Amino acid sequence: MDITLKLTQEFSLKAWQVENVIKLIDDGNTIPFIARYRKEATGSLDDQLLRNLYDRLTYLRNMEEQKEKIIASIKAQELMTDEIKASIENAATLTELEDIYRPFRPKRKTRASVAKAKGLQGLADAIYAQEMNGKSPLELAENYLNDEVETVQDAIDGARDIIAEMISDDPAGRKMIRYSCKNNGSIVVTGIKEDLGVYEMYKEYSEPIKSIAGHRVLAVNRGEKEGFLKVSVDFDKIVALSMLSNLHVKNNSPTTDVVIEAIEDSYSRLIFPSIEREIRNALTDNASESAIEVFAKNTRQLLMQPPVKNKITLGLDPGYRTGCKVAVVDETGKVLDTGVIYPVPPHNKIEEAKKIIKNLVKKHNVQMFAIGNGTASHETEVFAAEVIKELDCGITYMVVSEAGASVYSASKLAAQEFPEYDVSLRSAVSIARRLQDPLAELVKIDPKAIGVGQYQHDMPQNRLSQAIDGVVEDCVNAVGVDLNTASAQLLNRVAGVSSAVANNIVAYRQENGAFTSREQIKKVSKLGPKAFEQCAGFLRVSESKNVLDNTAVHPESYSAAKELLKLCNVSDDDVRSGNVTAIQSYVKTVGTSALAQQLGIGEPTLIDITKEIAKPGRDPRDELPAPLLRTDVMGIDDLKVGMELKGTVRNVIDFGAFVDIGVHQDGLVHISQITDKYIKHPSDVLKVGDIITVWVLSVDAAKKRIGLTMKAPKNGN
């Protein structure tokens, strides 16, 4: 197989693009580095497409490796023919490859292998031949009686077992039945307990295999695993037997009836159970892959939420009996103060709590509250809104998802970061920092604990981790990392920086003080030339004398960047002060193509350099809409049908999106209520963090369910 050609066709790319990407990957370059600094070589392919291409490249290479192993195995058995070799080489999927190899795969003990050991292969061949004027099965069987085969019926039964396995091993029959079952079969679900709870809708449920939604596949799988449901595949047996008969019944021979019996046995005992497993596994794999894609997309949007910069923040981790933990952090996330208040039941020490919070606000000039959305969150939010009203000094607040905060606060990492604080206080610090810089804080937590998506614990964990790790890496490198303030966990997500090197960077910083240039990181232990090449452009050193060290301009392009500044008569001080309009004018006058050629760089690199010089330390998250901050609170009982609200998208799933409208209970915008236009998935329109306008469709306070719509009411209704 020509892998380059296949990838070129599948991704609709040019051959040179695919060839260059493969070479760059094989040379040990990371995806973020290739996406950002090798645009000329790839034609400016983005990181997501590069990761998809990398995954497909890995799959195809694994398949080629498998083909070689299969060919070697069949040759070792001295059974290889030109026809078999050609079918192996032309196989397009691993499933097709497995079908071809099935007859040659060493088998465990089967009914057919037992019959073969008794010397019945010849009888099976004679019966399967179905000669028009041949002998009857009984006559043929008489020649195969021995100490292990005592009667002609025993011989015929054994031969039938061998024929059944031959039919099962035939790739053509399996392929036809698999295809027909996928297109005409159904998934059938039945409840096996009286109280099915959340699985009640699946009590008696059936849906065509070709149309069943991924989230329903994962739901019934979970119900089956938990012992509430029985799940099976239903396919017309008569249709299947007819297909197999067309392949294996040759004529009306005396032995044909035995072959027909073998066909039925083969289908019921061997083929259908195997294909049922295959189809369910394929449905699960496809559903998991789609769910992983949604989870990854949501995680990307969550990590790329705009930071609320330069605000002294008070974090509140709500609780009932144990109280509400409080932490004040400065603009850089450094902890200034901590404490515990008891403003909610069972303690209700409201006035005492107000006094503590007001003192902290005045002492540290707090500008913003971050409130965790867990237990007692609503009551704490009401309390915080009252304090803000009484202070009347412009403070705003935001309810922050605390998913994973408890996991982080009890972790070894949190203990190393805050050895002097109790576990619960660490959680309050994390909540405050999440509002200040979501990426820097959430990167410390296992993404699966963040809780954006569906059924993440039911997915293949290695594949999920691989996909999410790629997203985190892309986000961190897209934003860039301050070399002098980043934690080891954040540094570890920078392209080319291993866990050991990240720890060494922090250790070097602690021992030698702040880095004063990018070049200085070459002194860090275990950070070699290749690692420097991969990571340097993603690290920022705002303290450096070289203004380019605080941009995404890669050191390999410094000479071209400096030459550009010289041509435009722009100094480093001009760049720092933002006085760089001369560069844009110069590039426009000379032309991108001509100037890139003059500087000895590609056009994409020149465009990136001019963008970075225009705004050193640029954070792409700043260009997104700011988070929705609040000053007052509502409850679910305050909602009325038709009410217009602003909300923040918290989770996007297959059937809709959950939106925070400030009442502690997220409302659901069903996919049918997102837009009047047809959309395949809610993520076509919405992403986590979007600020949207919604209208209340329904409210069930008892069940805590809120239905929302994004479709504006017509004629005031």
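Quantities reported herein were computed from a predicted structural model and do not represent experimental measurements.
Side-chain contact, Asp125 with Gln121: a donor N or O sits under 3.5 Å from an acceptor N or O. Side-chain N/O atoms of Asn52 and Gln48 include no donor and acceptor closer than 3.5 Å.
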Stepwise, does the salt bridge (Lys or Arg N to Asp or Glu O under 4.0 Å) test hold for Arg51 with Asp474? CA-CA 10 Å; Arg51 287 193 188 280; Asp474 290 341; 2.8 Å; yes
Please lay out, stage by stage, how Asp690 and Gln301 fare under the test side chain to side chain contact (heavy atoms under 4.5 Å, CB included). CA-CA 9 Å; Asp690 279 351; Gln301 300 303 332; 6.0 Å; no
Which is it for Asp55 and Arg463 under the salt bridge (Lys or Arg N to Asp or Glu O under 4.0 Å) test, yes or no, and what are the steps along the way? CA-CA 11 Å; Asp55 288 344; Arg463 176 72 189 108; 3.4 Å; yes
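For Arg705, the CZ atom is loosely surrounded, since the number of other residues' heavy atoms within 6.0 Å does not exceed 12. Enclosure of atom CG in Asp195 is not indicated, since only 12 or fewer non-hydrogen atoms of other residues, nucleotides or ligands lie within 6.0 angstrom. Atom CD of Glu83 sits in a sparse spot, with 12 or fewer heavy atoms from other residues, nucleotides or ligands closer than 6.0 Å. Within a 6.0 Å sphere centred on NZ of Lys250, heavy atoms belonging to other residues, nucleotides or ligands number more than 12. In this structure, Glu204 places its CD atom where only 12 or fewer heavy-atom neighbours from other residues, nucleotides or ligands lie under 6.0 Å away. A 6.0 Å sphere centred on OH of Tyr179 holds no more than 12 heavy atoms belonging to other residues, nucleotides or ligands. For Asp82, the CG atom is loosely surrounded, since the number of other residues' heavy atoms within 6.0 Å does not exceed 12. Shown here is Phe104, whose CZ atom has more than 12 heavy atoms of other residues, nucleotides or ligands within 6.0 Å.
With rounding to the nearest 0.5 Å, the separation of CZ in Arg174 from CZ in Phe272 is 12.0 Å. Interatomic distance, Leu57 CG to Ile3 CD1, rounded to the nearest 0.5 Å: 6.5 Å. Taking CZ of Phe295 as the reference point, atom CG of Asn651 lies at 9.0 Å (rounded to 0.5 Å). The distance from the CG atom of Asn477 to the CZ atom of Arg36 is 11.0 Å, given to the nearest 0.5 Å. With rounding to the nearest 0.5 angstrom, the CG atom of Asp99 is 8.0 Å from the OG1 atom of Thr93. The CG atom of Asp265 sits 7.5 Å away from atom CZ of Arg160, with the distance rounded to the nearest 0.5 Å.
In this structure, Ile292 and Ala467 approach most closely via the heavy-atom pair CG2-CB, 3.5 Å. Taking each heavy atom of Met63 and Leu94 in turn, the nearest pair found is SD-N, 3.6 Å. Summarising the geometry of Leu49 relative to Leu45, their closest heavy-atom pair is CD2-CD1, 4.1 Å, with the distance given to 0.1 Å.
Checked for salt-bridge contact, Lys23 and Asp26 miss the test: no charged N lies under 4.0 Å from a carboxylate O. Looking at Glu64 and Lys67, a side-chain N of the basic residue comes within less than 4.0 Å of a carboxylate O on the acidic one, giving a salt bridge. Here Lys237 pairs with Glu264 in a salt bridge; the nearest charged N to carboxylate O distance falls below 4.0 Å.
Looking at Gln461, its side chain does come within 3.5 Å of a backbone N or O of Met459 through a donor-acceptor pair. Under a 3.5 Å cut-off, the side chain of Ser411 and the backbone N or O of Tyr408 do form a donor-acceptor pair. Distance alone, capped at 3.5 Å, places no donor-acceptor pair between the Thr42 side chain and the Val21 backbone. Looking at Asn246, its side chain never comes within 3.5 Å of a backbone N or O of Met243 through a donor-acceptor pair. Side chain of Arg56 to main chain of Leu7: no donor-acceptor pair is present (N/O by atom type, distance under 3.5 Å, no hydrogens or angles). Distance alone, capped at 3.5 Å, is enough to place a donor-acceptor pair between the Gln305 side chain and the Val688 backbone. The backbone N or O of His248 lies less than 3.5 Å from a partner atom in the side chain of Gln130, making a donor-acceptor pair. The backbone N or O of Ile34 sits nowhere less than 3.5 Å from a side-chain atom of Asn29 that would complete a donor-acceptor pair.
Sorted by first and then second residue, the pairs that involve residues 223-245 and meet ring-ring contact (aromatic ring centres under 6.0 Å, His included), not counting sequence neighbours, are Tyr199-Phe228.
At a threshold of 4.5 Å between non-hydrogen side-chain atoms, the residues Lys116 and Glu165 count as touching. Side-chain atoms of Tyr101 and Ile88, non-hydrogen and from C-beta on, never get closer than 4.5 Å to each other.
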